[in-house]
Amino acid sequence: MAPRPARRAHRAAHLEGKVHDALAEARTGWFAFLEQVARDAQQSGEMAADAEVPQLVFELAAFLEMANAESVLHDEITCYDKAADAILNRLRGVATNPSALPERRRSQ
């Protein structure tokens, strides 16, 4: 059985109403923004032309959401460093010049 906070979050995702609609709209806008940035990078030649943009955006968002969940559930912040590493590694995998991406600096 899922932990109680996870069960609550799952139930909340099925609610209807203004709050749900606003959250869904914000999430849709966030994903659209990330997809546009990725497509711009493809068009400028900074990202591989064959990179699957929707999959890339899904994975980047998943790293961020997992870090948020870990932070809330376990009251710790090292998960954000892990997410940053994962995001940079994923971006390096689709970048045409991976060395142009910044090196990771750990949070203090």
For the CD atom of E35 and the CG atom of L60, what is their distance to the nearest 0.5 Å? 11.0 Å

Would a 4.5 Å heavy-atom cut-off, applied to side chains only, mark Y80 and L64 as touching? no

Measure the CZ-CD distance between R90 and Q55 for me, rounded to the nearest 0.5 Å. 7.0 Å

Does L23 form a side chain to side chain contact (heavy atoms under 4.5 Å, CB included) with H20? I'd like the steps, not just the answer. CA-CA 5 Å; L23 291 172; H20 172 273; 5.9 Å; no

Side chain Q42, main chain M47, donor-acceptor under 3.5 Å: no

How far apart are the closest heavy atoms of P102 and L88, and which atoms are they? O-CD1, 3.7 Å

To the nearest 0.5 Å, what is the distance between CG on L91 and CG on L56? 6.0 Å

Is the count of non-hydrogen atoms from other residues, nucleotides or ligands lying under 6.0 Å from E25 atom CD greater than 12? no

So with a 6.0 Å cut-off around CD of Q36, is the heavy-atom count from everything else above 12? yes

Hey, what do you get for CG (D85) to NZ (K82), rounding to the nearest 0.5 Å? 10.0 Å

Quick check: do D21 and K18 have side-chain heavy atoms less than 4.5 Å from each other? no

Strictly distance-based, threshold 3.5 Å: is any side-chain N or O of S71 a donor or acceptor partner for the main-chain N or O of A67? no

Heavy-atom closest contact (F63 atom, A83 atom, distance): O-CB, 3.6 Å

Short question: side chain of E46, backbone of T96 - any donor-acceptor pair under 3.5 Å? no

Are W30 and V57 connected into the same hydrophobic cluster when the rule is that any two of I, L, V, M, F, W, Y join if their side-chain heavy atoms are below 4.5 Å apart? yes

Grouping I, L, V, M, F, W and Y whenever their side-chain heavy atoms are under 4.5 Å apart, do V94 and F58 come out in a common cluster? no

For the CG atom on D75, are there more than 12 heavy atoms of other groups (residues, nucleotides or ligands in this structure) within a distance under 6.0 Å? no

Does F31 share a hydrophobic cluster with M66, counting links as ILVMFWY side-chain heavy atoms below 4.5 Å and allowing steps through other members? no

